[in-house]
Q: 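I'd like to ask some things about the structure below.
The analysis underlying the following values was restricted to heavy atoms, covering all of them including side chains, and did not include hydrogens, waters or symmetry mates.
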Amino acid sequence: MDYLQLLLCLVFVRIGAPEQWARITDLVAGAVGDQSDPAKLLDTIGTIVDAVLREHGVLPGMRPVFARLQPVAAEDVSQVLRACHGLDHDSFQAILDRFAEWGQRDSSEFFTPPGIVRLATEILFGGVTGPVRCHDPYLRFGEFLSGAASAAAGVETSGFGRHPEQLRLAAMNIAVHGAGVADLLPGDALAPGDLSDRPVRADFVMTNPPFNQKTSGEWSAPDGGWPFGAPPKKNGNFAWLQHVFASLSDGGRAGVVMPNQAGVSEDKAELAIRAAMVEQGVVECVVALPPGLFATTPVPVSIWFLVRREEIRDSVLLIDARAAGQKKAGQRHLREQDLQPIVDCYREWSSGAAEFRPKALGRDGIAVAASLAEIRRLTYSLNPADYRPIPGEIAAVNAVPLSALCEIQPGPSNDTIKKLKFVDDGVPIIAPVQLRHRRITDEHTKWVPPGDAARLGKFQLRDRDILCARTGTLGPCAIADHSTEGMLFATGLIRLRVRDLDVLDPRYLIAFLSLPSTATWIENKAAGTTIPSISSANLGKLLVPLPSLDEQRRIGAEVATADAGIAALHKQIQTVEEERTNATIALFANLPSSLEGGSEAANG
């Protein structure tokens with residue numbers, strides 16, 4: 001890490017202070033000729049580097065870092081210097097990327113991937129002219145501010161950082177990308193009493209704050225208090241979003257990297273804040289990005305684009321780009337062909353096009369302008385996948401949310417299952433692998449005593465209940481019958497029980513659930529975590545088309561007949577497979593004994 005800092009500083013001096021670079025070059029050449037002490041040489045270089053850093057408004061302090069290096073001879077330093085010849089801004093960025101990758105220890109230090117930086121800057125800074133101020137309240141290594149400096153001329157930059165090392169590297173990063181002296185200060189915007197005397201008003205704010213922070217005390221409120229309500233102590237996501245908004249000047253705009261959970265959180269305080277932000281026109285756009293963009297975690301994120309203005313638009317642009325990018329060396333990268341359609345789509349929407357219809361963005365991407373009414377109906381969800389149109393196997397006429405039609409019961413927790421006593425014979429617990437071809441197989445592996453089953457009555461099945469997989473491989477579902485009544489279902493399943501059989505036919509419902517388009521909808525809803533999982537609340541948002549009950553029964557009966565045929569065929573295949581296995585065993589068992597002897601002779 002110290003060696004990488006040496007490289008960064010030398011490249012910085014070479015780009016920003018040519019005269020001092022020439023001085024260092026002469027010093028190294030002389031030290032090699034005289035075979036001078038390399039430690040003293042590095043100390044002198046450290047003094048020069050610190051002076052250059054001060055001149056550029058960058059926190060000094062490299063002399064002690066260079067002192068930790070232990071070159072054997074001055075020639076070792078000369079080799080490093082030769083490696084820096086010809087390196088430029090892009091090289092500085094590549095070295096910084098490696099430094100950030102090696103130095104990351106937790107999510108608070110994750111380096112923001114270049115694709116995310118570029119997407120945010122191109123959306124926010126498109127067409128910007130004249131001097132503007134860009135602020136980052138959580139600097140990391142200055143990725144966003146250096147991106148802003150590259151995107152528009154005359155950008156004034158400011159930001160807060162937790163560590164002197166990060167402040168130094170961020171300032172260097174910003175400087176090599178053409179910005180003037182950055183106004184960077186140590187501190188944490190959420191820490192009580194910290195930076196309270198430094199209210200910020202910026203034209204643009206871009207940041208990648210740490211996700212899901214907790215506090216044992218109180219979050220530090222922005223100047224003027226929380227604009228949309230106090231965030232919960234258990235999660236700082238909406239504290240950061242409100243700090244960003246409070247830092248915007250009138251007409252200012254922001255891009256904030258957020259975990260996907262922030263867009264769908266059902267925590268009362270977070271939901272209330274999200275609703276207020278939507279209703280007051282603060283949220284312009286949310287872009288859901290693919291997993292694997294960060295070098296050290298597969299967790300996918302979204303970018304929230306915020307605006308501070310009096311005008312309230314009647315829609316929010318929601319872009320699902322979770323399939324974008326190219327995977328290389330285990331990490332996904334956003335390319336030009338991934339980013340440009342998103343930027344173009346945003347510009348079309350923001351220009352006030354009369355009718356913005358859902359727009360395909362390639363590789364299963366889609367952009368939807370969701371009306372405020374739609375967002376209210378979906379409990380202020382800002383997950384773009386919630387607004388994807390279901391492809392047209394069946395028209396969603398008179399569609400009703402699943403939660404209004406069924407009682408939705410997830411399986412018992414793992415802790416509950418672990419406390420059970422398993423027996424060789426009793427009440428079976430149905431596992432996800434037993435859901436095959438819309439039926440529940442009898443391949444039970446766990447049983448509990450009837451008394452334990454009775455205590456878990458809310459997890460028992462009735463005739464015509466429907467089970468769906470809710471974690472891992474999503475999509476399998478099955479309908480219960482009289483033979484499965486009273487059985488329990490496991491953690492990875494979710495049960496649907498029709499509230500009124502005169503409104504919804506269960507066999508019609510399972511036919512609808514088995515549609516490819518419905519399976520895709522469920523997969524989209526479950527995306528956003530390392531292991532796909534759909535909650536009861538999210539599944540309850542599925543819109544179920546309701547034709548007449550007679551039509552439902554006709555569709556349900558025809559699909560059930562097809563499922564019965566499939567089950568019979570599989571049973572027949574299974575029987576034939578068993579017969580084949582038994583015949584093969586018998587054939588080999590009846591081989592002549594002489595063959596056995598011949599084998600021994602051959603081995604001899």
Q: Do NZ/NE/NH1/NH2 and the carboxylate oxygens of R436 and E443 come within less than 4.0 Å?
A: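 Salt bridge: yes.
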Q: Is the shortest side-chain N to carboxylate O distance from R507 to E558 below 4.0 Å?
A: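 Salt bridge absent between R507 and E558.
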Q: Side chains of E122 and Y346: do they bring a donor and an acceptor to under 3.5 Å?
A: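 No pair is found: no donor N or O on one side chain lies under 3.5 Å from an acceptor on the other.
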Q: Charged N to carboxylate O below 4.0 Å: is that the case for R580 and E577?
A: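 No, this pair does not count.
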Q: Is it the case that N212 and N237 place a side-chain donor and acceptor less than 3.5 Å from each other?
A: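 There is such a pair between these side chains.
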Q: Count the heavy atoms of every other residue, nucleotide or ligand shown that sit under 6.0 Å from CG of D314, and state whether that count exceeds 12.
A: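 Counting other residues, nucleotides and ligands, CG of D314 stays at 12 neighbours or fewer.
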Q: In this structure, which one of V286, V256, L124 forms a side chain to side chain contact (heavy atoms under 4.5 Å, CB included) with F305?
A: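 Of all the options given, the one that passes is L124.
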Q: Using the rule side chain to side chain contact (heavy atoms under 4.5 Å, CB included), only one of V498, L501, D481 pairs with R464; which is it?
A: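 Option passing the side chain to side chain contact (heavy atoms under 4.5 Å, CB included) with R464: L501.
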Q: For the residue pair S413 / T416, report whether a side-chain donor-acceptor contact shorter than 3.5 Å exists.
A: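 Note: T416 and S413 side chains meet the donor-acceptor criterion.
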Q: Would you tell me whether Q340 and D344 have side-chain atoms, one donor and one acceptor, within less than 3.5 Å of each other?
A: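 Judged by distance alone, the side chains do pair up.
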Q: So does E284 pair up with R253, basic N to acidic O under 4.0 Å?
A: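 So E284 pairs with R253 through a salt bridge.
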Q: Any ion pair linking E270 and R274 (charged N to carboxylate O, less than 4.0 Å)?
A: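 No, R274 and E270 are not salt-bridged.
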Q: Charged N to carboxylate O under 4.0 angstrom, D465 versus R462?
A: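 Salt bridge flag = no for R462 with D465.
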Q: Output, in order, the C-alpha distance, side-chain angles, deciding distance and verdict of side chain to side chain contact (heavy atoms under 4.5 Å, CB included) for Y508 and V559.
A: CA-CA 8 Å; Y508 167 80; V559 174; over 6 Å; no
Q: Are a donor atom and an acceptor atom from the side chains of W240 and Q213 found within less than 3.5 Å of each other?
A: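 On atom types as modelled, these side chains qualify, holding a pair under 3.5 Å.
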Q: Take atom CD in E336; do more than 12 heavy atoms of anything else shown fall under 6.0 Å from it?
A: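 Result for CD/E336: enclosed.
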Q: Set out, in order, the CA-CA distance, both residues' side-chain angles and the distance that settles side chain to side chain contact (heavy atoms under 4.5 Å, CB included) for I116 and V301, then state yes or no.
A: CA-CA 10 Å; I116 292 179; V301 300; 4.0 Å; yes
Q: State whether E143 and R118 are salt-bridged, where the test is any N-O pair (Lys NZ or Arg NE/NH1/NH2 against Asp/Glu carboxylate O) under 4.0 Å.
A: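 No, no charged N to carboxylate O under 4.0 Å.
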Q: Going by side chain to side chain contact (heavy atoms under 4.5 Å, CB included), V400 matches just one of L542, V544, L546. Which one?
A: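 So, applying the side chain to side chain contact (heavy atoms under 4.5 Å, CB included) to V400 and each of L542, V544, L546, only L546 qualifies.
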Q: Taking the side chain as every heavy atom from C-beta outward, state whether L496 and L513 have any pair of such atoms under 4.5 Å apart.
A: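 They are in contact (side-chain heavy atoms under 4.5 Å apart), so the answer is yes.
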Q: Give a yes or no on whether the ring-centroid distance for F228 and F238 is below 6.0 angstrom.
A: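 Centroid separation for F228 and F238: 6.0 Å or greater.
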